[in-house]
Amino acid sequence: MGEAMSGRLGEYSGTPTSDAERLLARARGGDDEAFRLIFERHHRVIMRFLYGMVGRHALAEELTQETFMAAYTNIGTLRDDSKLSTWLYGIARNVARKSFHARRGEWGQAGLEDAQAAGARDGGLAPDEQVFGKELNRVIAGALGKLDEDKRLVFTLKILQQFSYEEIAEISGHSIPKLKTDLHRARLEMRRMLRPYVEASDEV
Amino acid sequence: MRCEECIALAEEHFEGGIDERSEARVASHLSSCAACDAEHKLMLREQAAYSRFLLNVEPSPALWENLRAGIERGRAASVHANARTGSDAFGLRQFCAGLFAAPHRAAAASFAALLVFVALATLTVSRSGAPDESAASAPRDARIDVSANAGGGADAGKNNSTAPPADSLPPVTQPAPSSAGSEEASAAVALKGGVRRGEREAARAARGGASAVTRSAGDESVGAWLRGLTGDGASGGEFASAAAASNSPDASEVARHAERVEVALISFLNARAGARRGVDVSYEKRGSQELLLRNVLLRQQARGEGDLPREELLARIEPILVEISNLPAEASPEDVRQLKEQLRKKGVLSALRLYPTGGTARAF
């Protein structure tokens with residue numbers, strides 16, 4: 001058995017033993033290379049989460065940078081037994097919330113270039129389907145923007161990023177019953193906005 | 001079964017699966033209720049649209065460089081603020097520098113300083129008061145509570161003495177493109193249990209192949225960072241040796257690989273049957289074939305280095321990659337359903353998300 005398995009499942013010895021724990025300990029100690037590894041591991045999924053929350057590529061990238069800046073500054077506060085990914089998502093959520101409040105009214109103006117970029121890699125689709133796919137991406141981005149923050153959060157994490165309810169509860173601080181209710185309502189609202197386009201996709 | 005119950009269960013199925021009995025009940029209802037069947041088809045198309053929505057959201061290559069620049073600015077601001085505070089408040093630093101500048105003054109100055117210190121200490125003990133804190137002695141670990149302030153840039157400027165030396169962060173290492181061609185990938189998945197044959201062929205491809213290119217690129221970035229710390233081309237002694245040993249390019253490779261696998265598996269979980277009743281998994285299949293080859297190489301490296309946790313993680317995800325790679329481009333819904341069930345039961349996504357963080361022991 002390796003060092004990492006010396007503890008019982010669920011126990012934490014307080015001393016970094018596994019490769020992953022050593023990496024986190026190094027990052028908390030100010031090791032920039034360790035932080036770079038953490039960045040490489042998580043930046044893409046964090047940016048996709050932020051895109052789901054704010055609907056604009058350039059803004060999502062800017063907020064991703066803010067998220068990791070905050071993570072770099074505050075990684076010393078991360079408890080040893082915390083999940084780094086959950087912690088990062090928590091920061092990203094706060095960053096997105098602040099941004100949304102500061103830019104109130106700017107959602108939904110996702111440029112056509114965003115949708116075009118998003119649809120650029122629809123490999124395997126016929127040209128008509130690709131064009132329609134880009135339009136659908138734009139509609140989805142707009143529809144997400146019309147949801148309130150709680151519904152958008154659970155929809156992005158559950159439907160778009162396949163997190164479990166338990167993980168979302170840890171990120172958001174909400175109870176699982178509330179998350180399920182919010183998700184159900186989010187689905188209904190999204191369906192109402194998307195339905196005409198989804199029905200039309202039958203013609204493509 | 002009522003229609004409302006059927007649609008609710010179908011929706012639950014998209015979110016995380018339902019038990020087989022419920023699934024059978026839903027399938028039975030859909031086969032006999034045209035309205036629910038039509039609604040279900042629309043829900044499937046919705047899901048397909050959602051599964052493609054985030055696929056192409058990619059950060060620009062400049063993101064790390066921008067982040068690094070922001071962190072450097074924060075550090076510089078912090079150092080500047082500390083220096084300015086010291087000289088404005090007391091001028092003590094400059095005074096001491098002048099005092100000890102000339103050797104003949106140094107001994108007298110040291111003795112005088114010792115006398116002053118002893119006097120102050122005696123006075124302090126006799127009064128039983130708390131020692132004064134110099135503004136120059138900043139707290140060792142001045143971190144900020146992240147729960148209140150997640151603003152990033154401004155907060156970074158407040159962080160001080162525990163920050164690493166104010167120098168350049170290591171440049172990003174772009175992953176070298178794999179030199180292993182599609183032939184090796186095809187060989188790896190030719191047999192359902194074809195991992196062993198794939199291992200042999202992947203090992204042949206790796207000798208003098210992509211891993212060497214990636215490793216040299218990683219060494220270059222570590223070397224540049226170390227040179228920045230020491231200010232010269234020297235290795236930097238004990239610190240540099242320890243740093244070089246721990247900054248293995250393997251850790252970076254596995255981290256990137258884990259992220260790509262996570263993204264691919266999320267895409268697979270979102271795949272749904274289309275109008276033709278089959279599930280289009282061509283995108284996921286192609287991705288899994290590429291990832292499988294990389295997974296085999298990394299697992300072998302981990303085994304060679306005796307890194308058990310890393311090897312176990314890679315061994316855990318490999319069978320899933322093999323299964324997805326072996327699916328036809330238009331797979332049967334039942335095959336896809338079973339594989340998704342396997343994915344969920346084994347907690348593969350959770351294990352990936354935990355890597356590389358503390359708590360790895362829990363994932364196993």
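Bear in mind that the values here come from a model prediction, so they are computed numbers and not experimental data.
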Of all the residues in residues 174-184 of chain A, which have a heavy atom that comes within less than 4.5 Å of a heavy atom in chain B? A:Leu183, A:His184
Which residue out of A:Phe68, A:Phe49, A:Phe163 racks up the most heavy-atom pairs below 4.5 Å with chain B? A:Phe163
Does A:Arg185 have more than 12 heavy atoms from other residues, nucleotides or ligands lying within 6.0 Å of its CZ? no
Does A:Leu194 offer a backbone N or O that forms a donor-acceptor pair with the side chain of B:Glu46 under 3.5 Å? no
Please identify, among B:Asn66, B:Leu42, B:Leu269, B:Leu265, the residue contributing the most non-hydrogen atom pairs under 4.5 Å to chain A. B:Leu42
Under 4.5 Å from any heavy atom of chain A - which part of B:Ser60: both
Nearest heavy-atom approach of A:Leu37 to B:Ala255 is O-CB, 4.1 Å
One pair to check against side-chain contact (heavy atoms from CB on, under 4.5 Å): A:Tyr51 and B:Phe53. What are the steps and the verdict? CA-CA 10 Å; A:Tyr51 183 80; B:Phe53 178 63; 3.5 Å; yes
How would you list, by chain and number, every residue that makes a side chain to side chain contact (heavy atoms under 4.5 Å, CB included) with B:Glu259, sequence neighbours excluded? A:Arg41, A:His43, A:Arg44
Please rank B:Gly306, B:Pro59, B:Ala329 by heavy-atom pairs under 4.5 Å with chain A and give me the top one. B:Pro59
Considering non-hydrogen atoms only, spot the tightest contact between A:Glu167 and B:Ser350 and give its length. OE2-OG, 3.7 Å
Tightest non-hydrogen contact, residues A:Gln161 and B:Leu54, listed as CG-CD1, 4.0 Å
Looking only at A:Arg97, A:Met47, A:Arg187, the option with the highest number of non-hydrogen pairs under 4.5 Å against chain B is A:Arg187
Sort A:Phe155 into side chain, backbone, both or neither according to what part of it lies under 4.5 angstrom from a heavy atom of chain B. side chain
Out of curiosity, A:Asp32 CG to B:Arg75 CZ, how far, rounded to the nearest 0.5 Å? 4.5 Å
Given side-chain contact (heavy atoms from CB on, under 4.5 Å), test B:Leu67 with A:Tyr72 step by step and report yes or no. CA-CA 10 Å; B:Leu67 174 63; A:Tyr72 181 84; 6.0 Å; no
Report the distance from atom NE2 of B:His257 to atom CD of A:Glu40, rounding to the nearest 0.5 Å. 14.5 Å
Between B:Glu311 and chain A, which part of the residue has a heavy atom less than 4.5 Å away: side chain, backbone, both or neither? neither
Whatever's closer than 4.5 Å to a heavy atom in chain B on A:Glu62 counts as neither
Nearest heavy-atom approach of A:Arg48 to B:Val57 is NE-O, 2.9 Å
Go through the atoms of A:Arg191 and report whether side chain, backbone, both or neither lie under 4.5 Å from a heavy atom of chain B. both
Could you report the tightest heavy-atom contact between B:Val263 and A:Val45, atom names first, then the distance? CG2-CG1, 4.2 Å
Could you walk me through whether B:Leu63 and A:Phe39 pass the side-chain contact (heavy atoms from CB on, under 4.5 Å) check? CA-CA 10 Å; B:Leu63 180 56; A:Phe39 170 84; 3.9 Å; yes
Could you walk me through whether B:Gln47 and A:Ile159 satisfy the side-chain contact (heavy atoms from CB on, under 4.5 Å) test, starting with their C-alpha distance in whole Å, then the side-chain angles of each, then the deciding distance to 0.1 Å, before giving a yes or no? CA-CA 8 Å; B:Gln47 282 299 128; A:Ile159 303 301; 4.1 Å; yes
At what distance, to the nearest 0.5 angstrom, does OH of B:Tyr50 lie from CG of A:Leu136? 9.0 Å
